[in-house]
Amino acid sequence: MTTTRIRLILLIPGLVFFVSCFQIIEDVTVKGDGSGVAVFTANLSQSKSRLVSVMLLDSVNGYKVPSKADVRKHLAELSAALGKIDGISNVTQTVDFDKFIAVIRFSFADVDNLNRISDRIYEEMKLKPSGNSFYAYSSNDRTFTRKYVYEPKTKVEFDKLKEADKAVFKSATYTSIYRFDQPVATQSNTSAKIAASRKAVMLQSTVLDLIAGKKDITNHIQLIN
């Protein structure tokens, strides 16, 4: 998982720097024609008590604490940016400050549209796309691929962080869920699990394992024709 990818999915900007326990959830539903719906969730509810106290302050450890208005503005800007990408539509965003859960949801016309999200972020950062992560789907073969190639520089950059900043990721987890309208015949990732209905595949990992390259999220999923 690249730093850029993490920045996209952390939907409660700034607040994650004051906790060490949060969940990142990527939930993608793919229809037979390749269109679908994606939902990205940042769940900080397990750190609710600390966040309630933190948000009463102006800054902590040199970081400005964002206000609720700041968070809502960031989510609105992110939603607007996503809505401008070809193939992306019906973008909605919600944030619950009682449970500290933020969600961005959108529809895509084709699985390839998901790749354009990462490319767009790289463009805004004036960086070249790394090409280490992409999605693919073939309606003819009924195959879904989530490709990910670990980037050693991710760990190099992580090691440059202050110990207090590294601690943010101590108990952070990443979960990917891919749902389909047809049963899954096979899937290639030994760490992933097929649901009892056989219409979904889930993989869970700690964020630290992804940063260190200890967990591979690449998966080739074959659906039953």
Side-chain angles (χ1 to χ4, degrees), residues 1-28 37-85 88-108 113-114 116-127 129-130 133 154 157-158 160-176 206-208 210-211:
M1 175 179 287
T2 65
T3 301
T4 301
R5 193 72 180 174
I6 292 174
R7 292 286 295 176
L8 170 65
I9 301 174
L10 297 183
L11 302 178
I12 306 185
L15 294 184
V16 296
F17 293 108
F18 309 109
V19 300
S20 62
C21 187
F22 60 87
Q23 295 176 302
I24 297 170
I25 304 171
E26 172 190 10
D27 193 328
V28 179
V37 175
V39 182
F40 292 98
T41 302
N43 185 341
L44 282 65
S45 60
Q46 293 183 57
S47 300
K48 174 182 175 180
S49 297
R50 174 169 173 72
L51 285 172
V52 169
S53 299
V54 164
M55 291 197 73
L56 297 175
L57 306 175
D58 291 326
S59 64
V60 175
N61 296 329
Y63 289 104
K64 179 182 181 299
V65 178
S67 65
K68 292 181 179 179
D70 291 334
V71 173
R72 291 193 177 99
K73 179 181 178 181
H74 176 84
L75 287 172
E77 291 174 346
L78 180 55
S79 295
L82 289 175
K84 294 178 181 179
I85 297 175
I88 302 298
S89 62
N90 303 320
V91 183
T92 62
Q93 47 88 10
T94 60
V95 58
D96 184 336
F97 285 107
D98 291 324
K99 297 180 180 179
F100 285 94
I101 296 175
V103 179
I104 281 188
R105 177 189 181 97
F106 59 86
S107 300
F108 53 88
N113 299 141
L114 297 174
R116 297 180 185 177
I117 294 174
S118 295
D119 291 344
R120 176 64 179 270
I121 292 175
Y122 273 102
E123 288 174 5
E124 291 183 359
M125 295 175 68
K126 298 183 179 180
L127 297 173
S130 64
S133 175
T154 301
E157 293 302 315
F158 178 78
K160 293 178 182 178
L161 297 176
K162 298 177 182 178
E163 290 304 315
D165 295 337
K166 291 180 182 178
V168 167
F169 300 94
K170 183 179 180 180
S171 300
T173 62
Y174 165 79
T175 300
S176 65
T206 67
V207 172
L208 285 179
L210 293 176
I211 291 174

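Worth saying up front: this structure is predicted, and the values here are computed from it rather than measured. For the single chain, residues carry numbers from 1 onward in sequence order.
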For the residue pair [X] and [Y], what are the closest heavy atoms and their distance?
{"X": "Ile85", "Y": "Arg116", "value": "CG2-CB, 3.7 Å"}
{"X": "Phe97", "Y": "Phe100", "value": "O-CE1, 3.4 Å"}
{"X": "Met55", "Y": "Val65", "value": "CA-CG1, 3.9 Å"}

Is there a salt bridge (charged side-chain N to carboxylate O under 4.0 Å, His left out) between Asp98 and Lys48? Walk through the geometry before answering. CA-CA 8 Å; Asp98 291 324; Lys48 174 182 175 180; over 6 Å; no
Could you give the distance from [atom1] ([X]) to [atom2] ([Y]), rounded to the nearest 0.5 Å?
{"X": "Leu78", "Y": "Leu82", "atom1": "CG", "atom2": "CG", "answer": "4.5 Å"}
{"X": "Ile88", "Y": "Ser79", "atom1": "CD1", "atom2": "OG", "answer": "12.0 Å"}
{"X": "Ile101", "Y": "Leu44", "atom1": "CD1", "atom2": "CG", "answer": "9.0 Å"}
{"X": "Thr206", "Y": "Phe169", "atom1": "OG1", "atom2": "CZ", "answer": "11.5 Å"}
{"X": "His74", "Y": "Gln93", "atom1": "NE2", "atom2": "CD", "answer": "10.0 Å"}
{"X": "Ser67", "Y": "Asp58", "atom1": "OG", "atom2": "CG", "answer": "10.5 Å"}

Could you tell me whether the side chain of [Y] reaches within less than 4.5 Å of the side chain of [X], counting heavy atoms only?
{"X": "Val37", "Y": "Arg105", "result": "yes"}
{"X": "Thr175", "Y": "Gln23", "result": "no"}
{"X": "Leu75", "Y": "Ile104", "result": "yes"}
{"X": "Asn90", "Y": "Phe106", "result": "no"}
{"X": "Leu114", "Y": "Val28", "result": "yes"}
{"X": "Thr41", "Y": "Ile24", "result": "no"}

Salt bridge (Lys or Arg N to Asp or Glu O under 4.0 Å) partners of Lys160, counting only residues at least two apart: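 Salt bridge (Lys or Arg N to Asp or Glu O under 4.0 Å) check on Lys160 returns Glu157.
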Considering residues at least two apart in sequence or located in another chain, which fulfil the salt bridge (Lys or Arg N to Asp or Glu O under 4.0 Å) criterion with Lys166? Glu163
Output, in order, the C-alpha distance, side-chain angles, deciding distance and verdict of side chain to side chain contact (heavy atoms under 4.5 Å, CB included) for Phe22 and Thr173. CA-CA 7 Å; Phe22 60 87; Thr173 62; over 6 Å; no
Examine the side chains of Asn43 and Ser45 and answer whether a donor and an acceptor come within less than 3.5 Å of each other. yes
Hydrogens and angles aside, do Tyr174 and Glu26 bring a side-chain donor and acceptor to less than 3.5 Å of each other? yes
